[in-house]
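Working notes for the structure below.
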Amino acid sequence: MGSNQIQAPKGTRDLYPADAAKRRFVTEAWRKVSVRHGFDEIDGPTFEHLALYTVKSGEGIVSELFSFRREGGEQDYALRPEFTPTLARMFAARAGALPRPTKWFMTGPFFRAERPQRGRLREFLQWNVDVLGDPSPQADAEVIACCVALLRDLGFTPEHLRVKVNHRDALAKWLVARGVEAPRHADLFKLLDQRGKLPPDQFVAGLAAFGFNAQQAEVFIKGVIRVEIPPGATSVEVAGERVTREQLGVQDHPEEPADLTFFSDAVRPLAVALANAGVLDWVDFDLSIVRGLAYYTGMVFEVHEATGAERAVAGGGRYDNLVELFGGPPTPAVGFGMGDVVLTLIMQDKGLMPDETGMLERAGMRPDVFVISNGVPEAEAQLHPLVASFRAAGLHARHTSKATRNVGKLLKEAGDCRARHAVIIESGRSCTIKDMGTGEQRQLPLDQALGTLTTPR
RNA sequence: GUGGCCAUAGCUCAGUUGGUUAGAGCACCGGGUUGUGAUCCCGGGGGUCGCGGGUUCAAGUCCCGUUGGCCACCCCA
């Protein structure tokens, strides 16, 4: 690279054809699962007034944004770092006319002025899924179910990824019941959020300050509280505490899963909804998931690689006060965002990224036909008209740009670009169609080639 | 914003205590082997060694700075 070459900006990606196909593969998966689950696609501007972001997050956010002012202008703008403010703005603007619930999704680029590191870039794609106007746990479960469906579509299993769910109200209630009063919750949440980064003994010491003994600290260290009361049993011991069926709230519901957390007064309906959605096997209730502290009001969740490697694949939760904050009517809402960077990293690590043929296939980019002339003048004259007729009929048709008419080399080129069929023109009126997958081929009149390729067998 | 490691062809890399016009494999391009995705053969393009400065008779190699990458911290909406 010479001194006059300008590099791509820090934290951005150049997408060559194979990379663009991968991105298309992921965004198509996002779109398909969203539509299947009844969400309508929306999008907003990729830049907004700077104030839209400082209203919610304060001035401190500005250093994390790409913000700018037009030369000679007086307005401050920022490239969007997240979608929620735009979503709230859009909903607020038409709140009176929108159905309840309103189910929206979008995919698109977002920008954050952070230093790049593993799983985090300055420009990335994000999928946002939200339900507005429905306060029920069913809505919570619905967005989680949509998220899990995407993971399934991409080939993940509950052994690869875990959906870590918490409930801030439930956690707060549970803490109060154990003598940790509300004013201290913020500090405790911060401690919980830091769990992965603190040395274990320091974390235990921190919890001791809130009155938790070593045994109870174990619950937080493991991060996962999963209480299963075996059929017939009435209680089970968890981290030094005896938990009864009654406490789980399932004593009257023998048909419901007894696989709940022991702070389940508030969580039980959510757990039941998740069970009904068929995704409970992906879910761990995890007290350490608190999602910053920003604006979540109830359920919160993150998707993590099962061993805890990598940063979160997705995160979201309930934000019942936010639409009002952006000038709309009081509106309960729940949703999540998923970035492409960590998702793609883990897919590659787990061997779930399709090979090139599969990727082009699922991205709809595989050529239907590769047209070859054997070089005789009569065949040569038919090459471009035939390609044109294929394309006019809607087929993805290619031909070589090379000078050689060596059929072997040209078939190799057809194979390299993953064409489904090759058509070898051998005279003014005859050609051979070869199925590149099976190797089968047959000769037929040239004027039947188009019909053969466009007619499903 | 802080710190560590790194930078030679599109990719993966070699390049001696500093010493002539900087190399290989793969990929790419052209040709050949009777018109079938292979193998093989011949030929070709492509790098002022990320960039800038310094030391030296001489710098891909040593020093400083800078840009970018990777990783961690801060942060993570």
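Just so we're on the same page: letters track the sequence lines, and every chain starts at 1.
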Given [options], identify the nucleotide with an atom nearest to the side chain of [X].
{"X": "K10(A)", "options": "G68(B), U33(B), G37(B)", "result": "G68(B)"}
{"X": "K402(A)", "options": "G30(B), U33(B), C70(B)", "result": "G30(B)"}
{"X": "E64(A)", "options": "U67(B), G35(B), A77(B)", "result": "A77(B)"}

Heavy atoms under 4.0 Å, any strand shown: does [X] hit a base, just sugar-phosphate, or nothing?
{"X": "G11(A)", "result": "sugar-phosphate"}
{"X": "R112(A)", "result": "base"}
{"X": "Q441(A)", "result": "base"}
{"X": "L410(A)", "result": "nothing"}
{"X": "A8(A)", "result": "nothing"}
{"X": "G439(A)", "result": "base"}

### Task
Starting at atom CD of E310(A), determine the distance to atom P of C76(B), rounded to an integer number of angstrom.
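In whole Å, C76(B) P lies 20 Å from E310(A) CD.
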### Query
What class does the angle between the rings of W30(A) and W127(A) fall in, given that below 30° is parallel, 30 to 60° is tilted and above 60° is perpendicular?
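Rings of W30(A) and W127(A): parallel, as their planes differ by under 30°.
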### Query
Once the angle between the rings of H160(A) and F156(A) is folded into 0 to 90°, is it parallel (under 30°), tilted (30 to 60°) or perpendicular (over 60°)?
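Answer is perpendicular, since the angle exceeds 60°.
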### Message
For R118(A), is there an ion pair with E310(A) - N to carboxylate O distance below 4.0 angstrom?
### Response
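R118(A) and E310(A): salt-bridged.
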### Query
Between R184(A) and E181(A), is the closest basic N to carboxylate O distance under 4.0 Å?
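Salt bridge flag = no for R184(A) with E181(A).
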### Query
Under a 3.5 Å cut-off on both pairing distances, which runs of 3 or more consecutive Watson-Crick or G-U pairs involve RNA chain B?
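Correct response: B:1-7 with B:67-73, B:10-13 with B:23-26, B:28-32 with B:40-44, B:50-54 with B:62-66.
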### Query
Would you say K409(A) reaches G37(B)'s phosphate, i.e. side-chain N/O to OP1/OP2 under 4.0 Å?
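Answer is no, no contact under 4.0 Å.
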### Query
According to a strict under-4.0 Å criterion, is K434(A) in side-chain N/O contact with OP1 or OP2 of G37(B)?
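The answer is no; no side-chain N or O of K434(A) sits under 4.0 Å from OP1 or OP2.
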Looking only at N and O atoms, is any donor in the side chain of [X] or the base of [N] less than 3.5 Å from an acceptor on the other one?
{"X": "R311(A)", "N": "C76(B)", "value": "yes"}
{"X": "E426(A)", "N": "G35(B)", "value": "yes"}
{"X": "R118(A)", "N": "A72(B)", "value": "no"}

### Message
Run F66(A) and F111(A) through ring pair (Phe, Tyr, Trp, His ring centres under 6.0 Å) and show every step you take.
### Response
CA-CA 7 Å; F66(A) 284 104; F111(A) 310 86; 7.2 Å; no
## Note on the structure
Expected string for nucleotides 1-8 of chain B under the B/S/- scheme (protein heavy atoms, under 4.0 Å, primed atoms plus P, OP1, OP2 as sugar-phosphate) is BBB-----
### Task
Specify the residue among F111(A) and L411(A) whose closest nucleotide of RNA chain B lies further upstream toward the 5′ end.
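Checking each residue's closest nucleotide, the 5'-ward one belongs to L411(A).
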### Query
Taking the nucleotide of RNA chain B with the closest heavy atom to each, which residue, D416(A) or A419(A), is nearer the 5' end?
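Nearer the 5' end of the strand: D416(A).
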### Task
Take E356(A) and R418(A) through the test salt bridge (charged side-chain N to carboxylate O under 4.0 Å, His left out) and record every step on the way to the result.
CA-CA 8 Å; E356(A) 198 169 343; R418(A) 319 286 168 182; 3.3 Å; yes
### Message
Ring of F110(A), cation from R80(A) - is the NZ or CZ under 6.0 Å from the centre and inside 45° of the axis?
### Response
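Yes, R80(A) and F110(A) form such a contact.
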